[in-house]
Amino acid sequence: MGQAGAAAAAVRYLRSAGSAGSAGSAPAAQPVEALPRPELRCVADDERAPVDPGEFRRVLGNFATGVTVITAPAATGEPGPAGFACQSFSALSLDPPLVVFMVGRTSTTWPRIARAGVFCVNVLGAHQGELCRGFAVSGTDKFAGVPYDTSPVSGSPRLTGTAAWVDCTIHAVHTGGDHLIVVGRVDGLGVAGDGDAAPLLFHRGRFL
């Protein structure tokens with residue numbers, strides 16, 4: 001089974017698991033604490049990282065990842081929806097159905113998602129490299145000219161043409177160095193068409 005087929009199979013399994021446990025209504029989304037940016041301080045000689053950051057990035061870049069856009073509806077007081085490009089996304093648990101993504105603690109988009117309390121993972125297709133680049137830029141209206149509808153549970157933007165989508169409520173947030181580990185409980189999900197859409201992959205600093 002290829003990567004696209006494996007991803008589609010995982011989504012189908014999660015969808016069936018989520019449906020089996022959806023007899024009761026999903027709990028209302030609550031805003032979560034948007035943890036502050038990490039405090040900057042001098043690093044002592046005995047605290048130096050054992051691995052050079054550039055080398056860390058170069059070596060880990062050999063691991064190909066899928067690419068997603070995490071979106072959230074406009075929270076109270078926000079001018080519009082929020083979203084950012086994210087390649088650190090994974091399924092976490094089948095029972096209960098959980099997914100996880102990582103976001104930098106210096107992100108200006110994360111506090112907006114935290115205030116919404118919900119998010120949608122848009123799994124990008126192979127043809128959506130430019131869309132990904134648009135959501136990777138700060139300080140712009142990322143949704144300008146981008147077609148989307150709303151996901152059925154959270155109301156988050158569900159981008160048109162993606163390979164799959166996963167609708168979530170924020171379940172937990174943990175710190176992990178200079179990143180946050182965001183766990184989402186799956187409330188709904190689906191694939192495009194018959195689930196055979198090729199995914200967008202990122203490897204060694206470029207899209208495949």
Side-chain angles (χ1 to χ4, degrees), residues 1-15 18 57 60-74 78-92 97 99-104 107-110 112-113 116 118-168 170 179-180 182 184 186-208:
M1 181 183 295
Q3 288 178 316
V11 169
R12 284 194 293 269
Y13 191 100
L14 279 171
R15 180 168 54 189
R57 185 186 298 271
L60 271 293
N62 287 278
F63 178 63
T65 64
V67 186
T68 71
V69 170
I70 308 294
T71 61
E78 296 288 352
F84 74 100
C86 177
Q87 66 187 84
S88 54
F89 164 76
S90 178
L92 177 62
V99 296
V100 62
F101 72 84
M102 276 65 80
V103 59
S107 168
T108 57
T109 302
W110 161 246
R112 299 174 62 190
I113 297 174
V118 294
F119 63 90
C120 182
V121 182
N122 295 268
V123 180
L124 300 189
H127 62 292
Q128 294 180 305
E130 285 303 314
L131 178 67
C132 178
R133 291 185 182 94
F135 276 90
V137 178
S138 299
T140 63
D141 180 2
K142 301 175 184 179
F143 291 90
V146 175
Y148 65 88
D149 61 6
T150 55
S151 56
V153 181
S154 74
S156 302
R158 185 171 58 177
L159 306 181
T160 301
T162 57
W165 58 274
V166 187
D167 209 8
C168 303
I170 295 178
H179 275 61
L180 298 174
V182 182
V186 179
D187 300 316
L189 71 174
V191 296
D194 56 8
D196 288 334
L200 181 65
L201 298 179
F202 191 75
H203 181 246
R204 292 185 176 179
R206 61 188 180 88
F207 294 127
L208 298 179

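In this view, S151 and S154, D167 satisfy the side chain to side chain donor-acceptor pair (under 3.5 Å) rule, not counting sequence neighbours. Legend: residues meeting side-chain contact (heavy atoms from CB on, under 4.5 Å) with I170, ordered by chain and number and at least two apart, are V32, W110, I113, F119, V173, V182. In this structure, the side-chain contact (heavy atoms from CB on, under 4.5 Å) partners of S88, at least two apart in sequence or on a different chain, are C86, M102. For T68, there are no side chain to side chain donor-acceptor pair (under 3.5 Å) partners two or more places apart in sequence or in a different chain. Here F89 pairs with nothing under the ring pair (Phe, Tyr, Trp, His ring centres under 6.0 Å) rule; sequence neighbours left out.
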Is there a side-chain contact (heavy atoms from CB on, under 4.5 Å) between F135 and V137? Walk through the geometry before answering.
CA-CA 6 Å; F135 276 90; V137 178; over 6 Å; no

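Side-chain contact check for V118 versus C168: every heavy-atom pair is 4.5 Å or farther apart. Looking only at side-chain heavy atoms (C-beta outward), T162 and V123 stay at 4.5 Å or farther from each other.
For residues 79-91, there are no salt bridge (Lys or Arg N to Asp or Glu O under 4.0 Å) pairs, not counting sequence neighbours. Among residues at least two apart or in separate chains, salt bridge (Lys or Arg N to Asp or Glu O under 4.0 Å) pairs with a member in residues 135-163 are D149-R158.
Rounded to the nearest 0.5 Å, atoms CZ (F101) and OG (S90) are 13.0 Å apart. With values rounded to the nearest 0.5 angstrom, Q128 atom CD is found 7.5 Å from L159 atom CG. Between atom OG1 of residue T71 and atom CZ of residue F84 there is a gap of 10.0 Å, rounded to the nearest 0.5 Å.
Annotation for L124 and C132: closest pair CD1-CB, 3.5 Å, computed over non-hydrogen atoms. The shortest heavy-atom contact between C120 and P157 is CB-O, 4.1 Å.
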